[in-house]
Amino acid sequence: MKTERSEQLYKASCERMPGGVNSPVRAFYNVGRTPLFIASATGSSITDVDGNTYIDYVCSWGPGILGHAHPRVVEAVQRACADGLTYGAPTEKELTLAELVHQCMPSIEMMRMVNSGTEAVMSAIRAARGYTGRDMIVKFKGCYHGHSDGLLVKAGSASLTSAVPDSAGVPASYTENTLVALYNDEDSVRELFEKYGERIACLIVEPVAANMGVVLPKDGFLPFIRKITEQYGALLIFDEVITGFRLGLGGAQEYYGIRPDLTTLGKIVGGGMPMAVYGGRRDVMECVLPVGKVYQAGTLSGNPIATTAGIETLKILMERPSVYDEIEKKASALAEAYRSTGKVYVNQIGSLLSAFFTEKPVEDYDTAVTSDTERYSRYFTHMLENGIYVAPSQYEAMFVSAAHTEEEIAKTAEAVRAFL
Ligand SMILES: *Cc1c(COP(=O)(O)O)cnc(C)c1O
């Protein structure tokens, strides 16, 4: 495996960008290697600047449900470019995308398009606060909702009161309204609502957690948080930035039959372009300017290029809903390969999976971090050397796309068994 060119580019990039990258996990710092600089990608494969080609299970961290450079999406985007890249004025395309989103997720009665999942979550929380006139929010330890100030907390103290920021540069006062509960632990949620219920604007959750590795909600957990939020007049926000259009066209809310008040979408909804959505109940969304008093805006929001990529991706998925069974089959074959070794604990749902290097059942953040991350790093290197690109961190999902072939799944399963 030649890595000369990646190494050169990495060294030069480190002079201009922190860690040589524009998002930290890309730097491979978790696995202590030089990141691969990518030159191109098509279908299920990705090629680096030294000419190595890999079967890709990162899929740009989620958007790539159809694989890379789907010809229909690429062609639609190319066509759209000729009409101008952005106008800062409304377009029919935004309405088309909004109708498709609403059709897939009827709980999203009204929505706004933004440019990243981070922005979607930040704005949804502002709308929830504006609507309820309350300041506090509840999030779960180990759930990721982007990098806005108030959400950069995971470590709830033992007392489960105000959270301490995870990041330098976030004033403690910015997170003092963020309460942290434990995923899959009803008591931890109940305790917070009993103590602060009248002051809580919303509870935000990844209905299937996918940012501490994939962790499934226990039976009854999602119905419980639906009920307790309602009981205290707080809004329930499903962060479906990963699960939206991934677990099915209707996302986790359809899969589990729960109707959240607000939903955030990202990744797949942009088909590989910067695009995200927040939306939900009409009465809540009508609080947003210019109808209501909650401010939110964006120069490039809903631009025609990202909108086109989103529309075309959703159309392809809607024309062929059997794709969800196909990707689920491939993912469960992979899950079975990991499980059959008896060496890892595997969580899988639809086309999302994680193999944790631990023998403990992984049900929350605390059990996820029992994983042997040093062993994960060796596994990562083994996979790379066998032409397979997986996430350079234990705490990320493995994404299976429509483009992965059965031969590629079999080859991957073989490499997994050889390592374990
Ligand atoms: C990726 C992600 C985000 C943040 O989205 P960005 O587009 O990276 O800002 C938010 N929530 C979840 C669940 C995510 O997986």
Side-chain angles (χ1 to χ4, degrees), residues 21-27 57-65 105 112-126 128 137-154 166-167 178 180 183 202-217 222 225 236-247 251-253 255-256 260 262-280 296 298 300-303 306-307 309-310 313 347 349-354 365 368 391-399:
V21 293
N22 282 309
S23 193
V25 74
R26 296 179 196 172
Y57 292 100
V58 177
C59 294
S60 191
W61 308 95
I65 191 165
M105 296 185 193
R112 269 282 166 84
M113 288 162 202
V114 292
N115 304 291
S116 69
T118 296
E119 212 185 325
V121 168
M122 189 181 87
S123 310
I125 286 176
R126 187 178 299 155
I137 65 172
V138 177
K139 82 172 284 288
F140 292 97
K141 189 175 181 183
C143 282
Y144 178 69
H145 303 292
H147 64 89
S148 67
D149 287 325
L151 288 157
L152 282 182
V153 291
K154 67 163 172 290
D166 269 344
S167 165
T178 307
V180 180
Y183 191 77
C202 61
L203 175 151
I204 184 163
V205 66
E206 288 181 80
V208 170
N211 284 290
M212 46 178 149
V214 175
V215 178
L216 276 54
L222 298 176
I225 57 176
L236 175 61
I237 306 178
F238 269 12
D239 182 350
E240 297 225 44
V241 169
I242 283 187
T243 53
F245 311 108
R246 168 66 62 182
L247 294 187
Q253 50 196 274
Y255 194 100
Y256 289 101
L262 293 175
T263 300
T264 53
L265 300 169
K267 300 190 172 128
I268 293 174
V269 79
M273 298 288 289
M275 154 71 68
V277 166
Y278 74 99
Q296 181 265 312
L300 295 176
S301 293
N303 73 77
T307 311
T313 300
N347 283 329
I349 180 168
S351 54
L352 290 172
L353 73 149
S354 285
Y365 182 81
S393 160
Q394 168 74 84
Y395 305 110
E396 303 287 351
M398 191 167 182
F399 294 94

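The chain is numbered in sequence order, starting from 1. Counting starts at 1 for both ligands and their atoms, in listed order.
- No donor-acceptor distance shorter than 3.5 angstrom exists from the side chain of Lys139 to the backbone of Thr178, with no hydrogens or angles considered.
- Between the side chain of Thr118 and the backbone N or O of Ser148 there is no donor-acceptor pair closer than 3.5 Å.
- Checking Gln296, Glu119, Arg112 one by one against Tyr278, the side chain to side chain donor-acceptor pair (under 3.5 Å) holds for a single residue, Gln296.
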Inset, instruction - Apply the test side-chain hydrogen bond (donor to acceptor under 3.5 Å, both in side chains) to residues Asp239 and Thr264: give CA-CA distance (whole Å), side-chain angles for both, the deciding distance (0.1 Å), then the verdict. - result: CA-CA 5 Å; Asp239 182 350; Thr264 53; 3.0 Å; yes

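- Remark: the backbone N or O of Phe238 is not paired with any side-chain donor or acceptor of Gln253 at under 3.5 angstrom.
- Looking at residues two or more places apart in sequence or on another chain, you find a side chain to side chain contact (heavy atoms under 4.5 Å, CB included) between Ala276 and Val114, Ala120.
- For ligand 1, residues of the protein lying within 4.0 angstrom by heavy-atom distance are Ser116, Gly117, Thr118, Tyr144, His145, Gly146, Glu206, Asn211, Asp239, Val241, Ile242, Lys267.
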